[in-house]
*Asks:* 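So that we are looking at the same thing, I have put the structure below in structure tokens.
Note that the structure is a prediction, hence the values are computed from the model and not measured.
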Amino acid sequence: KIVKKRPEDMLPLEDPKFFEDLLRALFQHKNKTVKRALLDSAHEIGLEEKELKEVLEGLDFNLKERVFKLGVEDIVNLSNLLYRRIKNRV
């Protein structure tokens, strides 16, 4: 049986390129916590580690979760949250 994706089944991404960069940053360090993985790979999403620390402060996301435990919805949510935060800083 072939399963076709319908637009209403897909999770809304604010920026597909940012999502890809975020995935790369996270999964380079899949056994670390989300926060540590992001800080170690801040360059992948175009920020300095210090800048990213500021962006992560008060973010409505569990940054203590291990990367490998995140589901697709979690990663899409994190991507959208971070993208909005970074976009609004500039």
*Asks:* Can you tell me how far apart CG (L47) and CD (E54) are? Round to the nearest 0.5 Å.
*Replies:*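 These two atoms lie 10.0 Å from each other.
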
*Asks:* Can you tell me how far the CD1 atom of I86 sits from the CD1 atom of I45, to the nearest 0.5 Å?
*Replies:*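 Those atoms lie 4.5 Å apart.
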
*Asks:* Is any side-chain heavy atom of L78 closer than 4.5 Å to one of I75?
*Replies:*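 The answer is no, as the side chains (C-beta and beyond) never meet within the 4.5 Å cut-off.
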
*Asks:* Between CG of D21 and CG of L82, what distance do you get to the nearest 0.5 Å?
*Replies:*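 Rounded to the nearest 0.5 Å, the CG-CG separation comes out at 12.0 Å.
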
*Asks:* Could you check whether any side-chain heavy atom of N31 comes within less than 4.5 Å of a side-chain heavy atom of R66, counting everything from C-beta outward?
*Replies:*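 No, side chains not in contact.
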
*Asks:* So, N80 side chain and P12 main chain: donor-acceptor pair closer than 3.5 Å or not?
*Replies:*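 Here the side-chain-to-backbone pair exists.
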
*Asks:* By the definition salt bridge (charged side-chain N to carboxylate O under 4.0 Å, His left out), identify the one residue from K35, K32, R24, K30 that meets it with D40.
*Replies:*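 Testing D40 for a salt bridge (charged side-chain N to carboxylate O under 4.0 Å, His left out) against K35, K32, R24, K30 leaves exactly one candidate, K32.
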
*Asks:* What are the two closest non-hydrogen atoms of L26 and V67, and how far apart are they?
*Replies:*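 Nearest heavy atoms, L26 then V67: O-CG1, 3.7 Å.
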
*Asks:* Please report the interatomic distance CD(E20) to CG(L13), rounded to the nearest 0.5 Å.
*Replies:*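 Result: 9.0 Å between the selected atoms.
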
*Asks:* K64 versus V34: any side-chain heavy-atom pair under 4.5 Å?
*Replies:*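 Contact flag for K64/V34 side chains = no.
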
*Asks:* Check for me, please, whether L39 and L59 land in the same ILVMFWY cluster - side-chain distances under 4.5 Å, paths through other members count.
*Replies:*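 Yes; tracing contacts between hydrophobic side chains, which count when under 4.5 Å, links both residues.
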
*Asks:* If you define the side chain from C-beta out and look only at heavy atoms, does anything of N77 sit under 4.5 Å from L11?
*Replies:*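 A side-chain contact is absent here, since even the closest heavy-atom pair is not under 4.5 Å.
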
*Asks:* State, yes or no, whether a side-chain contact exists between E14 and S79 at a heavy-atom distance under 4.5 Å.
*Replies:*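 A side-chain contact under 4.5 Å is absent here.
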
*Asks:* Taking C-beta and beyond as the side chain, do T33 and E65 meet within less than 4.5 Å on heavy atoms?
*Replies:*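 A side-chain contact is absent here, since even the closest heavy-atom pair is not under 4.5 Å.
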
*Asks:* At what distance, to the nearest 0.5 angstrom, does CG of L52 lie from CD of E57?
*Replies:*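 It comes to 10.5 Å.
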
*Asks:* Got a second to check how far E44's CD is from L23's CG, nearest 0.5 Å?
*Replies:*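 Going from CD on E44 over to CG on L23, the span is 11.0 Å.
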
*Asks:* Please find the pair of heavy atoms, one from S41 and one from H29, that lie closest to each other, and give the distance.
*Replies:*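 Minimum heavy-atom separation between S41 and H29: OG-NE2, 2.9 Å.
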
*Asks:* Using side-chain heavy atoms (C-beta onward) and a distance below 4.5 Å, is Y83 in contact with L22?
*Replies:*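 Heavy-atom side-chain distance check fails, nothing below 4.5 Å.
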
